[in-house]
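Have a look at the structure below before the remarks.
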Amino acid sequence: MLLCYATRDGQAKKIATHVATRLAAKGIAVSSRDLATDPPSPAELAAAPLVAAVLAIRYGKHLPQSARLVEALAACNAAPPLVLASVCLTARKPGKDTAEGNVYLRKFIARNGLKPVLATAIAGRLAYPGYRWFDRLAIRFIMWVTGGPTDPSVTVEFTDWAKVDAFADDIATLCAKTTK
Ligand SMILES: Cc1cc2nc3c(=O)[nH]c(=O)nc-3n(C[C@H](O)[C@H](O)[C@H](O)COP(=O)(O)O)c2cc1C
């Protein structure tokens with residue numbers, strides 16, 4: 001299967017790597033692809049039994065390189081089943097971690113006419129010290145509004161790794177179905 005990711009600060013890549021490792025341990029061959037540097041071609045997509053994408057959010061949108069996957073899928077005659085995961089801080093809140101409850105994911109699916117067989121939102125990482133001053137200001141404001149940490153010296157990984165494991169296990173189940 002193909003596992004694509006779009007990352008800026010590394011958390012979506014970390015999640016994708018975790019998923020790939022868990023799938024490999026179950027004997028599933030995974031080709032991991034960074035959408036910024038190594039996006040799959042339509043032909044590669046067509047040859048894959050399943051495509052999963054782990055895509056980070058910045059300022060309300062999936063990273064621009066996510067469009068490369070959408071374009072390749074659109075150009076694919078027989079697109080394989082698609083699995084999506086958005087990585088963002090909003091998903092740290094219960095109810096905002098589903099395809100229905102997460103507005104970024106819901107809009108992304110609708111705007112691009114996607115029909116994922118599985119879609120979820122996974123909480124990412126907050127790392128104030130590494131942000132540029134404007135980003136730090138903007139994220140502190142969002143955290144203040146949503147009741148999150150505002151101390152500019154903190155780094156907090158909100159990712160629920162048990163949820164990531166469950167996500168990987170769901171992908172494994174889908175792989176077993178598609179390769180039968
Ligand atoms: C500049 C900036 C803007 C962000 N905008 C949002 C946002 O609009 N909504 C949200 O839920 N999270 C937002 N985040 C949080 C990121 O989605 C989170 O840090 C995620 O882990 C980033 O993934 P990456 O490390 O793979 O780039 C933002 C983070 C940064 C640094």
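Just so it is clear, the values below take in all heavy atoms, side chains as well, and ignore hydrogens, waters and symmetry mates. In this text the structure is predicted, and so the values were computed from the model without any measurement. Each ligand, and each atom within it, is numbered from 1 in the order the structure gives.
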Are any of the N/O atoms on R8, whether in the backbone or the side chain, positioned under 3.5 angstrom from an N/O atom of ligand 1? yes

Which residue and atom name correspond to the protein heavy atom nearest [atom], and how close is it?
| atom | value |
| --- | --- |
| atom 19 (O) of ligand 1 | R125 O, 2.6 Å |
| atom 11 (O) of ligand 1 | T90 OG1, 2.4 Å |
| atom 26 (O) of ligand 1 | T7 OG1, 2.5 Å |
| atom 8 (O) of ligand 1 | G60 N, 2.8 Å |
| atom 23 (O) of ligand 1 | A56 CB, 3.3 Å |

Ranking V103, V156, L55, D9 by closest non-hydrogen atom to atom 27 (O) of ligand 1, top hit is D9

Option set Y59, F158, Y131, criterion heavy-atom distance to atom 3 (C) of ligand 1, minimum: Y59

Determine whether more than 12 heavy atoms belonging to other residues, nucleotides or ligands lie under 6.0 Å from atom [atom1] of [X].
| X | atom1 | value |
| --- | --- | --- |
| D151 | CG | yes |
| R8 | CZ | no |
| Y59 | OH | yes |
| W161 | CH2 | yes |

Show me which atoms of ligand 1 lie under 4.0 Å from any heavy atom of [X].
| X | result |
| --- | --- |
| V87 | 17 (O), 21 (O) |
| A12 | 24 (P), 26 (O) |
| Q11 | 21 (O), 24 (P), 25 (O), 26 (O) |
| D135 | 1 (C) |
| G124 | 21 (O) |
| I139 | 2 (C), 3 (C), 4 (C), 28 (C), 29 (C), 30 (C) |

Do any N or O atoms from the side chain of K107 and from the backbone of K61 form a donor-acceptor pair under 3.5 angstrom? no

So, K13 and D34, do they make that salt bridge, N to O below 4.0 Å? no

Is the closest heavy-atom distance from I57 to ligand 1 below 4.0 Å? yes

Is the closest heavy-atom distance from Y104 to ligand 1 below 4.0 Å? yes

Would I15 end up clustered with L126 when hydrophobic side chains under 4.5 Å apart are linked, directly or stepwise? no

So among L73, V51, L35, which one has a side chain to side chain contact (heavy atoms under 4.5 Å, CB included) with P40? L35

Which residue, V54, V164, T159, forms the side chain to side chain contact (heavy atoms under 4.5 Å, CB included) with H18? V164

Taking heavy atoms and a distance under 4.0 Å, where does L89 meet ligand 1: side chain, backbone, both or neither? both

For ligand 1, is any non-hydrogen atom under 4.0 Å from I142's backbone (N, CA, C, O), its side chain (CB onward), both, or neither? neither

Run the side chain to side chain donor-acceptor pair (under 3.5 Å) test on Y104 and T90 for me, step by step, so that the C-alpha distance in whole Å, both residues' side-chain angles and the decisive distance to 0.1 Å come before the verdict. CA-CA 9 Å; Y104 313 129; T90 313; 3.3 Å; yes

If you draw the axis of the six-membered ring of Y131, does the NZ or CZ of R136 fall within 45° of it and under 6.0 Å from the ring centre? no

